[in-house]
Amino acid sequence: MSREEMVTILEEIALLLELKDENPFKIKAYRSGAETVRSFPDDIVALATANQLTGIKGIGEALRDKLHEMATTGKLAFHENLRAEFPAGLFELFELQGLGAKKIKILHRDLGLCSVADLKQACLENRIAGTPGFGAKTQNNLLEAIAHRESHAGIFRLGNVAHVVEDMLDQLRNHPDTLRVAVCGSYRRAKETVHDIDLLVATSQPTEITSFFTTLPGIQKILAHGETKASVILDNGLQCDLRAVSNAQFPFALQYFSGSKEHNVALRQLSLRKGWSLNEYDFTRVNDDAAPLPVVHDEKDIYEALGLSFIEPELRENMGEIEAAQHGKLPRLIDISNLRGTFHNHTTASDGKNSLEEMAAAAQELGLQYLGIADHSKSSFQANGLHEDRLLQQCANIRALNESLDGFRLLAGSEVDILKDGTLDFSDDILAQLDYCVASVHNAFTLSEDDMTRRIIRAMENEHVTMLGHLTGRLLLKREAYSVNIAKIIDCAAETRTVIELNCNPMRLDMDWRWWHRARDKGVLCSINPDAHKTEQLQFLHFGVRLARKGWLRREDVINTLSLEKITEWLKLPKEKR
DNA sequence: CTTTCTCTAAAGTGCACTGTGGCCAGTGC
C-alpha cells in the first residue's frame with residue numbers, strides 16, 4: 001500500500017468518525033496522523049511494514065498498529081467496518097458549502113438521503129425545510145451549493161494537473177517515433193483552471209503514437225482511439241486528448257490548439273486580409289491574387305508572416321495582445337529565472353510544516369537569495385497565529401540564524417490579519433520592528449463590498465503594510481471571492497505604494513490575472529509569493545510566474561526580482577519613495 | 001487518539017457568522 005492510500009484511509013476514518021459524533025480529539029488525531037504520514041521525510045511505508053513507527057510525534061500506539069496493518073495486509077479492518085455503516089455517496093455531501101458532519105448525519109438518519117443527487121431531489125420537493133435544524137433559507141443555500149458544485153464538475157486547477165501533464169509529456173517525448181511534443185490549450189495559456197488537456201505530437205508514425213498514448217499508466221477509460229487522435233479519461237477524471245500530426249503541420253496545430261478561440265478568430269481575420277486562409281494544418285491561398293505562402297518551421301513563423309511579433313501563449317486571450325504585437329509593443333514577460341527571493345511563507349511557528357532552518361535551506365536550494373517569513377498573527381487562531389512575544393522571539397531567531405548564513409537572508413515579517421474595521425492585529429510599534437509585513441483578510445468575509453473595500457484600504461494606508469496578501473480570498477472551485485472593489489484597491493495601492501501579492505498557491509492565484517495589466521499601468525508593484533506552508537510548496541512560484549506572465553507583468557513590475565542588496569535598500573525606504 | 005507539567009487520568013484551538021427557533025448549534029477559518 002502506498003503512502004497516499006494510507007493518507008486517504010486515515011482521512012476517510014476522520015470523516016466517518018465525525019458522522020458517528022465521536023470524540024473530536026480522536027477525529028483530530030486521525031487528521032493529524034494523516035498529515036504526519038503525508039509529510040514524513042523518510043520511507044514511512046517501509047517503516048510501517050517493519051513496525052518501526054515509534055517515537056513519531058502524532059503517531060501513538062493505535063495509529064502505529066493501524067499503519068502496520070495497512071502496510072502489511074493492504075487494508076484496514078477498522079476502516080472497512082466503519083465504512084460499511086454508511087453509503088459511499090454520503091462522502092460527497094462534505095463537498096457542499098454549509099454542510100458538516102452534524103447536518104449530514106441528520107439528512108442521512110432522518111431523511112434517508114445518501115448522495116448529493118438525493119439531497120437535490122429532496123430540496124426541490126421542499127422536504128428539507130421543516131426538518132429540525134433546517135429552514136427555508138438553508139434549503140435554498142443547499143440548492144445553491146449544489147449548483148455551484150455542478151458548475152465546477154470536470155474543471156481542474158492548473159496546479160493540480162501540472163504533475164500529470166508533465167509526466168505524460170515526458171513519456172511521449174521519450175517515444176522513438178516522436179519528433180516534437182507540446183501541451184496546448186488552456187494549460188499552455190496558463191489559465192488558473194482547465195477543462196481538459198490537449199497534447200500534440202509531431203511524428204511520421206501517428207498510429208504508433210496514438211496506440212502508445214492509450215496504454216500509458218493512469219488511464220481510467222479510453223473515449224476514442226483513431227489513427228491521428230485519441231481521447232482518454234485519467235484516473236482523476238481529467239480528460240486528455242492527443243493529436244498526432246506531421247512535422248510540417250506541427251506549428252499550425254500547436255497554434256490552433258493553444259487558442260484561445262477568440263485569439264484564433266482574430267488571427268484568422270488578419271490572415272484573410274493577406275489572402276491566406278489559416279487552419280490547424282497550414283496556410284492556403286484563397287485566390288490567385290494572394291501573396292505567396294510563407295515558409296513556416298515553427299509557431300513564431302506564423303506570427304511573423306502575419307506581421308506580428310511572437311505572442312507568448314499566456315497572452316493569447318484577445319485582450320489587446322494582437323494590437324500590441326502589430327506595433328511591437330508586447331511586454332518582455334517575467335521569467336522564473338528572474339526571481340531572487342520571495343515573501344509570505346509560513347513555518348511551524350504558526351501552521352507551517354517546516355522550521356525556519358528547513359525553509360531557509362529549501363529556498364537556498366532553489367537558488368533564491370532571500371526568503372521572507374510571514375507567519376499568521378494572533379487573530380488567526382485556527383492557524384496557531386503568533387502573539388507579540390512569539391513574533392518578536394521569531395524575529396530574534398531569524399536575525400541570529402542570518403548570522404550563520406552566507407549570501408542568503410531570511411527576512412522577518414508577519415502575515416498580519418486585517419481586522420473587521422481595517423485596523424491590524426499588531427500595533428505599529430510591533431510592526432516597525434519587522435523587515436516587512438503582509439496584510440491579509442482571514443475572517444468576516446461577508447461584509448458589503450463598500451465595507452470590505454474600506455477595510456482593506458484602511459490597512460493599505462498603514463505605513464508598515466508592505467503588501468496586501470491574497471486580495472479576494474477566493475479558493476478556486478471551492479469558495480467565491482468576497483466582495484471587494486478591486487479597481488478601487490488598485491488605485492489605492494498605487495497611491496499608498498502598497499504592493500499587491502500574486503499568491504501562487506494553486507488554490508488561490510489571487511489577485512486574478514485579469515487585473516494585473518491595469519494595475520501595472522497604474523504603477524502598482526507585484527510580489528509573487530508562494531504562501532508556502534512546507535518546503536515543497538516553494539515550487540508554487542512556477543505557477544505564480546505563469547500567471548504573472550498572463551497578467552502582462554515584466555521583471556521590473558515584480559519586487560522579488562530585486563537582488564538581496566536592492567531589496568534590503570528598498571524595504572528601508574519610506575513607502576511613498578518606493 | 002495522543003500527549004504529558006504523567007505514571008492514571010485529564011487536557012487537548014477560539015471566535016464570528018448564519019440560521020433557526022426562541023437564545024443556541026453548526027460551520028468555517
Side-chain angles (χ1 to χ4, degrees), chain A residues 9-11 13-37 53-67 69 76 78-79 82 93-108 110 128-145 148 346 348-351 375-387 390 415-421 425 440-448 451-452 455 469-470 472-475 478-483 505 507-508 531 533:
Chain A
I9 290 184
L10 292 178
E11 285 177 340
I13 290 174
L15 284 183
L16 288 160
L17 293 177
E18 266 190 312
L19 286 174
K20 294 190 69 166
D21 216 3
E22 259 282 7
N23 177 351
F25 297 107
K26 187 194 257 196
I27 295 161
K28 195 175 174 232
Y30 277 98
R31 289 239 160 79
S32 75
E35 191 50 45
T36 304
V37 171
L53 293 172
T54 46
I56 298 166
K57 203 168 153 64
I59 308 281
E61 235 173 286
L63 284 183
R64 180 200 64 198
D65 292 347
K66 289 190 172 74
L67 288 169
E69 184 183 335
L76 182 64
F78 176 70
H79 170 242
L82 212 47
L93 290 171
F94 281 97
E95 295 167 24
L96 297 178
Q97 191 88 15
L99 273 192
K102 299 275 166 63
K103 286 192 166 168
I104 291 175
K105 193 175 148 195
I106 295 172
L107 292 173
H108 175 53
D110 298 348
I128 300 298
T131 308
F134 295 80
K137 209 149 187 174
T138 304
Q139 179 169 283
N140 204 41
N141 288 345
L142 285 174
L143 275 174
E144 274 177 25
H148 187 252
H346 297 268
T348 45
S350 64
D351 57 350
D375 271 313
H376 287 284
S377 64
K378 57 183 190 267
S379 287
S380 275
F381 182 85
Q382 77 287 348
N384 188 27
L386 280 63
H387 280 260
R390 287 177 65 215
E415 183 183 14
V416 65
D417 269 24
I418 302 176
L419 306 179
K420 195 174 173 183
D421 62 356
D425 205 12
S440 312
V441 167
H442 286 113
N443 64 357
F445 290 165
T446 51
L447 295 186
S448 69
D451 286 344
M452 185 63 91
R455 170 189 190 181
H470 45 71
T472 73
R474 75 176 181 188
L475 295 178
K478 190 168 172 205
R479 187 179 71 202
E480 294 298 324
Y482 42 71
S483 324
N505 187 313
M507 289 292 290
R508 298 187 182 272
D531 200 354
H533 284 71

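Quick caveat: nothing in here was measured; it's all calculated off a predicted structure. Labels below follow one simple rule: chain letters A, B, ... track the order of the sequence lines, proteins then strands, and each chain is numbered from 1.
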request  = Please report, rounded to the nearest Å, how far the C1' atom of dG26(B) is from the NZ atom of K102(A).
outcome  = 7 Å

key: Inter-nucleotide C1' distance (dT20(B), dT27(B)), Å rounded   = 14 Å

inquiry  = Let me spell it out: for each of R64(A) and T138(A), pick the nucleotide of DNA chain B with the closest heavy atom. Which residue's pick is nearer the 5' end?
reply    = R64(A)

ask   = Mind checking the P distance from dC1(B) to dG14(B)? Whole angstroms is fine.
value = 23 Å

query = Closest to the A444(A) side chain: dC29(B), dA16(B), dC1(B)?
reply = dA16(B)

message = The side chain of N141(A) is closest to which nucleotide in this list: dG19(B), dC1(B), dC17(B)?
response = dG19(B)

task = Remember a base hit wins even if backbone is also touched, and classify E22(A) as base, sugar-phosphate or nothing at under 4.0 Å, heavy atoms.
result = nothing

request  = Classify the nucleic acid contact of K378(A) as base, sugar-phosphate or nothing, counting any heavy atom under 4.0 Å across all strands shown.
outcome  = nothing

Nearest-angstrom distance from the residue atom CD of E144(A) to C1' of dT18(B) = 14 Å

task = Give a yes or no on whether the backbone of K378(A) and the side-chain of R390(A) come within a donor-acceptor separation of less than 3.5 Å.
result = no

request  = Over 60° means perpendicular and under 30° means parallel, so classify the ring planes of H346(A) and H533(A), tilted if in between.
outcome  = parallel

query = Can you check the K28(A) NZ to dT2(B) P distance for me, whole Å?
reply = 13 Å

request  = Report the nucleotide, chosen from dC17(B), dG19(B), dC1(B), that has the shortest atom-to-atom distance to any side-chain atom of A29(A).
outcome  = dC1(B)

task = Just call it for L63(A): base, sugar-phosphate, or nothing, with non-hydrogen atoms closer than 4.0 Å on any strand.
result = sugar-phosphate

request  = Answer yes or no: is there a donor N or O on one side and an acceptor on the other, between the side chain of R508(A) and the main chain of L475(A), under 3.5 Å?
outcome  = no

query = I56(A) near the nucleic acid: base, sugar-phosphate alone, or nothing, with a heavy-atom cut-off under 4.0 Å?
reply = sugar-phosphate

inquiry  = Could you tell me how far apart F134(A) (CZ) and dT27(B) (C1') are, to the nearest whole angstrom?
reply    = 12 Å

task = Test S379(A) against every option in N443(A), D417(A), D425(A) by the side-chain hydrogen bond (donor to acceptor under 3.5 Å, both in side chains) rule and name the one that passes.
result = D425(A)

query = Minimum heavy-atom separation for Q139(A) to I128(A), with atom names?
reply = OE1-N, 3.0 Å

task = Give A14(A) one of three labels, base, sugar-phosphate or nothing, depending on what nucleic acid heavy atoms sit under 4.0 Å from its own.
result = nothing

message = Both G60(A) and S379(A) contact DNA chain B. Which one's nearest nucleotide lies toward the 5' end?
response = G60(A)

key: Nearest-angstrom distance, P atom, dC5(B) to dG12(B)   = 13 Å

key: Nucleotide of dG26(B), dT3(B), dT13(B) approaching K103(A) most closely (side-chain heavy atoms)   = dG26(B)

key: dG28(B) OP1/OP2 closer than 4.0 Å to side-chain N/O of K478(A)   = no

request  = Could you work out the separation of dA9(B) and dC15(B) based on their P atoms and round it to a whole Å?
outcome  = 31 Å

task = Indicate yes or no for a side-chain donor-acceptor contact from N384(A) to the backbone of A349(A) under 3.5 Å, with no hydrogens or angles considered.
result = yes

task = Round to the nearest Å and state the distance from N443(A) atom CG to dC15(B) atom P.
result = 12 Å

ask   = Using the P atom in both, what is the distance from dG28(B) to dC23(B), to the nearest Å?
value = 26 Å

task = Among the candidates dC1(B), dG19(B), dC17(B), find the nucleotide nearest to the side-chain atoms of K137(A).
result = dG19(B)

Interatomic distance at C1', dA10(B) relative to dC17(B), whole Å = 32 Å

key: Nearest-angstrom distance, C1' atom, dT3(B) to dT13(B)   = 16 Å

task = Answer with base, sugar-phosphate or nothing: what part of the nucleic acid does G58(A) contact at a heavy-atom distance below 4.0 Å?
result = sugar-phosphate

ask   = On a whole-Å scale, what distance lies between the P atoms belonging to dG26(B) and dG21(B)?
value = 12 Å

message = Less than 4.0 angstrom between a side-chain N/O of K420(A) and OP1 or OP2 of dC15(B), yes or no?
response = no

key: T446(A), nearest nucleotide to its side chain (from dT18(B), dC29(B), dT13(B))   = dT18(B)

query = What is the nucleic acid contact for A101(A), judged by heavy atoms within less than 4.0 Å: base, sugar-phosphate only, or nothing?
reply = sugar-phosphate

key: Nearest-angstrom distance from the residue atom CD1 of I128(A) to P of dG26(B)   = 17 Å

message = Could you tell me how far apart D451(A) (CG) and dC17(B) (C1') are, to the nearest whole angstrom?
response = 15 Å

key: From NE2 (H470(A)) to CE (M507(A)), nearest 0.5 Å   = 12.0 Å

note = note: L447(A), atom CG; dA16(B), atom C1'; distance rounded to Å ~ 11 Å

